[in-house]
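Heads up: the structure comes next, in structure tokens.
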Amino acid sequence: MKKIVFATNNRHKSEEVKAILAERTEVVTLADIGCNDDIPETGSTLEENAILKARYIYEKYNIPCFADDTGLEIDTLNSRPGVYSARYAGEPSNSALNMQKVLLEMEGVTNRQAQFRTVIAYIENGNIQLFEGTVKGTIGAKPEGNGGFGYDPLFIPEGYDQSFASLSPEVKNSISHRARAIKKFTAYFRNTSDKQK
Ligand code: IMP
């Protein structure tokens with residue numbers, strides 16, 4: 001069975017991908033391959049960071065690898081926090097402070113359009129493929145809901161009147177940026193591995 005590394009230690013993300021690719025591919029995480037390295041995320045775009053992570057593992061372990069990077073892009077803030085989403089309010093990463101900073105920057109702003117964007121980079125035989133997933137929505141006036149993580153309490157996806165943190169995980173996972181990027185990646189992956197059979 002073909003083996004690929006998902007350059008993450010986030011169990012939620014890896015379980016999601018493992019479930020989709022289970023019959024044909026063994027998906028392992030950084031912990032599974034004994035990698036505790038602090039992989040550099042020094043890029044200035046989501047694409048650069050996803051590629052940096054995937055390439056780092058591929059070059060060190062010589063196993064096909066994919067990595068993802070996600071950001072919240074707010075129209076009126078010129079797509080910030082974007083690649084800086086995790087530590088927008090500084091180190092260490094703190095979701096409540098990040099949301100507070102966004103709300104402060106958007107005080108009195110009527111255009112509240114935003115999107116979550118996930119980029120997946122997949123590297124095999126030295127070739128890199130990129131896959132993108134987005135979900136559009138608006139930034140609420142204040143955090144709402146107890147589910148999810150990160151900026152979920154602030155983000156109201158298009159077609160809904162509740163934040164990601166108020167919607168059920170099933171609903172979020174059916175429309176999310178990450179789910180959409182993963183779907184594109186897994187479709188590509190299935191297609192190419194079928195051709196190689
Ligand atoms: P990562 O690239 O998946 O680690 O995401 C970077 C940062 O973006 C996280 O630390 C969160 O602040 C934010 N983020 C990523 N995905 C989501 C999501 O699904 N909901 C809310 N915030 C998210």
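As the structure lists them, so they are numbered: ligands from 1, and atoms in each ligand from 1. Since the model is a prediction, treat every value here as computed from it, not as a measurement.
With sequence neighbours left out, D37 forms a salt bridge (charged side-chain N to carboxylate O under 4.0 Å, His left out) with K60. By the ring pair (Phe, Tyr, Trp, His ring centres under 6.0 Å) test, Y56 pairs with no residue at all, sequence neighbours left out.
A side-chain donor from one of Y122 and E124 sits under 3.5 Å from a side-chain acceptor of the other.
Listed by first then second residue, pairs satisfying salt bridge (charged side-chain N to carboxylate O under 4.0 Å, His left out) with a partner in residues 94-116 read R80-E105, not counting sequence neighbours.
Sorted by chain and number, the residues within 4.0 Å of ligand 1 by heavy atom are K13, D69, T70, S85, A86, F116, F149, G150, Y151, D152, K172, H177, R178.
Residues A50 and A67 share a closest heavy-atom pair of O-CB, 3.5 Å.
Ion pairing of R117 with E73 is present here, as a side-chain N (NZ or NE/NH1/NH2) and a carboxylate O approach within less than 4.0 Å.
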